[in-house]
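Heads up, the thing below is written out as structure tokens.
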Amino acid sequence: MNPDMTPDPPPLAPRPSDAPGPAAGGAPGPDTPSREAGAFLLSLDEQDRRLAHALQIDGRASFRKIAEVLGVSDQTVARHYTRLRSSSTLRVLGLVDPLRVGETPWFVRLRCTPDAAASVGEALARRPDTSWVSLNSGGTEITCVAQPYGRGGDELLLRKLPRTPRVVDMSAHCLLHVFFGRDLSPITKTGPLTPEQVAALTPEDALDRSGPAPRAPYPLDEGDRRLLDALGVDGRAPIGELAAATGWSQTTVRRRMAELRAAGALYFDVDFHPRVLHHGFRAVLWLEVEPRHLAAAGAALAGHPEVSFAAATTGTDNIYASAITSDATAFYRYVTGAVAALPGVRHFSTAPVHRTLKGPGPLWHATRSEG
């Protein structure tokens, strides 16, 4: 029985006879993700992973649509999502691609004295113009993404940080191009849904990546900003709430949201609570790659099942990536295998992620068990 004492819902997972699984002998088959590939979701059961995968494909998909694809009732899907959302396990966020709208995010890397890293990291995490704030290298280094020149950003941030007490070193790199990330995550590559289920869930207004990337920034007006602000708090906010936030009709909200999404200015992402991410071995990589091999190396990284994000940046180290494996030994195999085989790599450095303080959206509220 479930905690609410209602009968157990039908499983979101397929019947055992239909489910893809390991090859004989327990080793992953050629089409089965390895344990390393799915390390960041080891704390979720199969039913939750299937729902998370569906939401990653289309964060605005109706419970009825998800239920049809997964072969269960919409009440079952709604119950599972409500449990995951109310327990602060995951949430759907509508996020802006800053490069598409002409804004420049920065990767910031700070080295602090050990007694100051946690407090500096927490202060950065509270800022509205930061995301993906992590403590690395045993808690002596902080990495984050800052948008100091965008809407709501503080242009003094990058000048204030080097003067912060106990910050001993800082580097900042402009993000130039994303090889893997935004609406794509490790579950996109290693999730449990079949290609047919992925195709059925892919929205009609999804960004078309087959053509050349647009050169001109996509313009946003104040109404768009109000819509995006609301979706940045809850990507599944009802249309009525979004209409109230923007002052638009519900028809206009639906049309504009589809336009922003098709243009690549808006995307939806599943944001997992940091405690879900604190499994396996996580690390960031900084690579110095010869310019003529930059695109090829980035494309190769994007295909690695271990990679959760990869981007080109300014600076001598011109590729930043984050990776997840099951443990340190698996990370060693990854670095000496797939990373070593990348074309044009002159030098690279790594740093283990000690703790994630903030993901792509607002800070999570502390749960009772977290204090």
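Worth knowing before you read on, the calculation uses all heavy atoms, side chains too, and leaves out hydrogens, waters and symmetry mates.
Using cut-offs of 30° and 60° for the angle between ring planes, the F331 and Y334 rings count as tilted. Relative ring orientation between F63 and Y81 is described as tilted, the plane-to-plane angle lying within the 30° to 60° band.
Minimum interatomic distance between V101 and A265 (heavy atoms only, all atoms of both residues): CG1-CB, 3.9 Å. The two residues G344 and H293 have their closest heavy-atom pair at CA-CD2, 3.5 Å. Counting all heavy atoms, side chain and backbone alike, L201 lies closest to D58 at O-CB, 3.5 Å. Across F179 and A312, no two heavy atoms sit closer than the pair CE1-N, 3.5 Å. Shown here for A338 and H304, the closest heavy-atom pair between the two residues is CB-CE1, 3.6 Å. Minimum heavy-atom separation, V289 to A297: CG1-CB, 4.0 Å.
For the pair T314 and L176, the minimum side-chain heavy-atom distance is below 4.5 Å. By the 4.5 Å heavy-atom criterion applied to side chains, K189 and V307 are counted as neighbours. Using a 4.5 Å heavy-atom threshold, the side chains of R282 and S322 count as separate. Side chains of R111 and M170 form no contact here, defined as non-hydrogen atoms less than 4.5 Å apart. At least one side-chain heavy atom of H53 sits less than 4.5 Å from a side-chain heavy atom of V198. Taking the side chain as every heavy atom from C-beta outward, L342 and F348 never approach each other to under 4.5 Å. No side-chain heavy atom of D97 sits under 4.5 Å from any side-chain heavy atom of Y218. Contact of the L90 side chain with the H273 side chain is not registered, since no non-hydrogen atoms from C-beta on lie closer than 4.5 Å.
Looking at S73 and T76, their side chains do bring a donor and an acceptor atom within 3.5 Å of each other. Inspection of the T113 and D115 side chains reveals an N or O donor paired with an N or O acceptor under 3.5 Å. Side chains of K358 and S131: a donor-acceptor N/O pair is absent below 3.5 angstrom, by distance only. A side-chain donor-acceptor contact under 3.5 Å links D269 and Q56. No side-chain donor-acceptor contact under 3.5 Å links T325 and R333. Side chains of S134 and T143: a donor-acceptor N/O pair is absent below 3.5 angstrom, by distance only. A donor and an acceptor atom, one from each side chain of S87 and T89, are located under 3.5 Å apart.
Hydrophobic clustering (side-chain heavy atoms under 4.5 Å, transitive across Ile, Leu, Val, Met, Phe, Trp, Tyr) keeps F180 apart from V335. A single hydrophobic cluster is not seen to contain both Y267 and V96; linkage of ILVMFWY side chains at heavy-atom distances under 4.5 Å, directly or through other members, places them apart. Put simply, L184 and L51 are part of two different groups of oily side chains (I, L, V, M, F, W, Y) that touch within less than 4.5 Å, one to the next. Under the 4.5 Å side-chain heavy-atom criterion for ILVMFWY residues, no single connected hydrophobic cluster contains both V339 and Y332. No continuous path of hydrophobic side-chain contacts links L95 to L266 [ILVMFWY only; heavy atoms under 4.5 Å].
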task = Please test W248 against L242 for side-chain contact (heavy atoms from CB on, under 4.5 Å), starting from the C-alpha separation and ending with a verdict.
result = CA-CA 8 Å; W248 295 340; L242 298 175; over 6 Å; no
inquiry  = Could you go through T140 and S137, starting from their C-alpha distance and side-chain angles, then the distance that decides it, and tell me whether this counts as side chain to side chain donor-acceptor pair (under 3.5 Å)?
reply    = CA-CA 6 Å; T140 60; S137 302; 4.9 Å; no
Verdict with supporting geometry, R79 and D74, salt bridge (Lys or Arg N to Asp or Glu O under 4.0 Å) = CA-CA 8 Å; R79 186 183 299 118; D74 52 349; over 6 Å; no
ask   = Step by step, would you call I319 with L294 a side-chain contact (heavy atoms from CB on, under 4.5 Å)?
value = CA-CA 8 Å; I319 288 184; L294 190 61; 3.4 Å; yes
task = For R127 and D129, run salt bridge (Lys or Arg N to Asp or Glu O under 4.0 Å): C-alpha distance rounded to whole Å, both residues' side-chain angles, the deciding distance at 0.1 Å, then the answer.
result = CA-CA 5 Å; R127 296 181 61 94; D129 54 353; 3.0 Å; yes
message = Evaluate V92 against D271 for side-chain contact (heavy atoms from CB on, under 4.5 Å), listing each step before the verdict.
response = CA-CA 6 Å; V92 175; D271 180 24; over 6 Å; no
ask   = Could you go step by step and tell me if D48 and R83 meet the salt bridge (Lys or Arg N to Asp or Glu O under 4.0 Å) rule?
value = CA-CA 10 Å; D48 293 343; R83 174 177 55 80; 2.8 Å; yes
query = What's the verdict on side-chain contact (heavy atoms from CB on, under 4.5 Å) for L55 and F268, showing C-alpha distance, side-chain angles and the deciding distance?
reply = CA-CA 9 Å; L55 292 170; F268 292 91; over 6 Å; no
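Here the straight-line distance linking atom OG1 of T350 with atom CG of N136 works out to 10.5 Å at 0.5 Å rounding. Taking OG1 of T246 as the reference point, atom CD of E241 lies at 11.5 Å (rounded to 0.5 Å). Atom CG of L135 sits about 7.5 Å away from atom CD of E122, to the nearest 0.5 Å. Atom CZ of R50 and atom CG of L70 lie 5.0 Å apart (nearest 0.5 Å). In this structure, CG on D183 lies 10.5 Å from CD1 on I57, to the nearest 0.5 angstrom. Rounded to the nearest 0.5 Å, atoms CD (E141) and CG (D169) are 9.0 Å apart.
Separation of the W286 and H173 ring centroids falls under the 6.0 Å cut-off.
The only option from I142, L357, V108 that meets the side-chain contact (heavy atoms from CB on, under 4.5 Å) definition with L124 turns out to be I142.
By the 4.0 Å N-to-carboxylate-O rule, R225 lies too far from E222 to be salt-bridged with it. Between R91 and D234 there is no salt bridge, since no side-chain N of the basic residue sits under 4.0 Å from a carboxylate O of the acidic one. Look at R255 and E259 and you find a salt bridge, because one of the NZ, NE, NH1 or NH2 atoms lies within 4.0 Å of a carboxylate O, short of that distance. In summary, D221 and R226 do not engage in a salt bridge, as defined by a charged side-chain N under 4.0 Å from a carboxylate O.
Within a 6.0 Å sphere centred on CZ of R85, other residues, nucleotides and ligands contribute more than 12 heavy atoms.
Checking side-chain atoms of R49 against main-chain N and O of L44 turns up a donor-acceptor pair under 3.5 Å. In this structure, the side chain of R236 does not engage the main chain of G94 through any donor-acceptor pair within 3.5 Å.
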